[in-house]
Amino acid sequence: MNRKLLVPLFGSALLAFSGCDWQLPEKVSVKTNAEYELGLGDSVSQMLESTSAFQSIDIRQSIESGMGDTSDGAAVYDYFPDSKNENLKQCLMMRPVYSFTIDFSDSNITSLVNSATALASQFVEIPMTYTQTISVSYDMPLGVNFGTIMNSFDTFGDDFKDNLYFKSVPIALFAGDTTSEAFVSAEIKGAVSLFYRTADSADALSKFQYLLGEGDTTSGVTSSHGSLKFVQNPDLEPDENKLVTKNFNEAIKGKGAVAADVAATLNTRITNEDGTPNDAATLYMRTDLDSITVPTALAQQGESHTITIYAYIDIQLDFLLKDNATMEIIKNESAEGEETEETSEVPSNPFIDVLKEGYVVLTPTALPFVIKPAATNGALNVELKFGDVPITFGLTDVGNPATGTISNANLKKMLAGGSMGSPALSLIFPKGELIMPREMDFAAEMIVGIKTDGDLQVYPEFGGSL
């Protein structure tokens, strides 16, 4: 940068000499009051190429790795419904919660069904259904917890991760059977709840959230049952990369699936006695079944049917940030631990002495999160740090430039030489809603500028003795 500054200054010196009779004076000084800029292009992206900060984030893989055995067909998909919203990353988790077999070939059942059918032929008001009692209470691990998902953001530091919560996590719950469409008019009476526990202990580590039926949210004891409808399990048609573009919600819309929002339960931080995260805690789904009611025509077929209860969880990466938080993208590792003497003086240099101030202009071309609403929450602050010299910017949106100033003292400190280490880059997000887009990235074009003001003696210091 110093050499670029010399070009106009040397030109000014030549103009000063042109009016003379070519006898060199004892000293020549020029007045400089100018501004110089250097465009560095998409330099922020180039800085990030040496890191895997954003490339390493794979939420789908993080969830899938915690599910354990998936031989029952459980899966996590990269969910992009209708290929429409690029500004929202989603994962769709499908988990068979419980399966059981109902056998209508039993002679006692056949006798009861035939009797009911005979009565129905004489008394139309008698319902044409058959109800069989089921006594089931089962805890199914979903293999997902808040910590597993948040671990994807470990590289950005605890301040950011610890302030992040899901805004909404919709769940759909229904029963399914693949052998008979007649089950569409069947229903199961029971209760289904969601809570945290570990594999080693049946003790609940959180409140129970009832998705079906009602019960004590502390003990998990069911007090009343709800009705669970049968819905044909939709074919999501995932591709080889587990990408699903079919709209699951539209596929089951109006068919009676139980819908709820489980964000509050998923957001629960389960910790050990010393306050550290309990990584062994995972979400469990408790199924308490009471009975199943089917059309008598279905029971009369005398066949055996396997019933499965399915849970689909739409994990939308739409977050609430509880407080302003810093995301550390690039750490100044080479300068970490080095102490800077605040009272150290910058060596005198004729070119550095005329510097007035510096500035950096950042124009973002990609932001890692959609901040909503930006006008209410304030700007996304960026801190670019060289050694102990910070430069801050308040970004508002893609394409809007922001300027960070460098004071006279800091500019001289930066240009005076010495090791400042590699640059550090942090994003300071405002409290509010953060939406993670499908392609998470941070890129910006950068312009560096300096302003000069003062007399610069260009001879004899500039050229030495001639």
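Along the sequence shown, the residues carry numbers beginning at 1.
Considering only heavy atoms from C-beta on, Ile406 stays 4.5 Å or farther from Tyr359 through its side chain. Side-chain contact between Tyr284 and Leu142: absent, with no pair of heavy atoms (C-beta onward) separated by less than 4.5 Å. In this structure the side chain of Thr271 never reaches within 4.5 angstrom of the side chain of Asn278, judged on heavy atoms.
When the side chain to side chain contact (heavy atoms under 4.5 Å, CB included) test is applied to Thr70, the partners found at least two apart in sequence or on another chain are Met67, Ala74. Contacts of Tyr210 classified as ring pair (Phe, Tyr, Trp, His ring centres under 6.0 Å), with partners at least two apart in sequence or in another chain: none. Applying the side chain to side chain contact (heavy atoms under 4.5 Å, CB included) test to Ile428 and every residue at least two apart in sequence or in another chain returns Thr326, Asn381, Glu383. Under the rule for a ring pair (Phe, Tyr, Trp, His ring centres under 6.0 Å), Tyr196 has no partner lying at least two apart in sequence or in another chain. Asp82 pairs by the side chain to side chain contact (heavy atoms under 4.5 Å, CB included) definition with Lys84, Asn247, not counting sequence neighbours.
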Scan the side chains in residues 164-176 for donor-acceptor partners under 3.5 Å anywhere in the protein, sequence neighbours excluded, and list what turns up.
unit_1	atom_1	unit_2	atom_2	d
Lys167	NZ	Glu433	OE1	3.4
Lys167	NZ	Glu433	OE2	3.3
Ser168	OG	Asp261	OD2	2.8

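Looking at every heavy atom in both residues, Tyr79 comes nearest to Phe248 through OH-N, 2.9 Å. Heavy-atom minimum distance, Thr282 versus Asn145: CA-CB, 4.0 Å. The heavy-atom pair separating Leu395 from Phe442 by the smallest distance is CD1-CE1, 4.1 Å. Here the closest non-hydrogen pair linking Arg438 and Leu88 is CG-O, 3.6 Å.
A distance-only check finds a donor-acceptor pair linking the side chain of Ser65 to the backbone of Ser62 [under 3.5 Å].
A side-chain donor-acceptor contact under 3.5 Å links Glu187 and Ser227. Residues Asp318 and Gln316 have side chains that never bring a donor and an acceptor to within less than 3.5 angstrom of each other. Side-chain N/O atoms of Thr218 and Lys207 include a donor and acceptor closer than 3.5 Å.
Under a 4.0 Å N-O distance rule, the pair Asp78/Arg60 does not qualify as a salt bridge. Using a 4.0 Å cut-off between a side-chain N of Lys or Arg and a carboxylate O of Asp or Glu, Arg197 and Asp203 do not qualify as a salt bridge. Here Glu64 pairs with Lys242 in a salt bridge; the nearest charged N to carboxylate O distance falls below 4.0 Å.
The distance between the ring centers of Phe429 and Phe319 does not fall below 6.0 angstrom.
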**OP:** Apply the test side-chain contact (heavy atoms from CB on, under 4.5 Å) to residues Ile252 and Gln232: give CA-CA distance (whole Å), side-chain angles for both, the deciding distance (0.1 Å), then the verdict.
**Re:** CA-CA 8 Å; Ile252 66 169; Gln232 185 176 1; over 6 Å; no
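Within 6.0 Å of CD on Gln61 lie more than 12 heavy atoms contributed by other residues, nucleotides or ligands.
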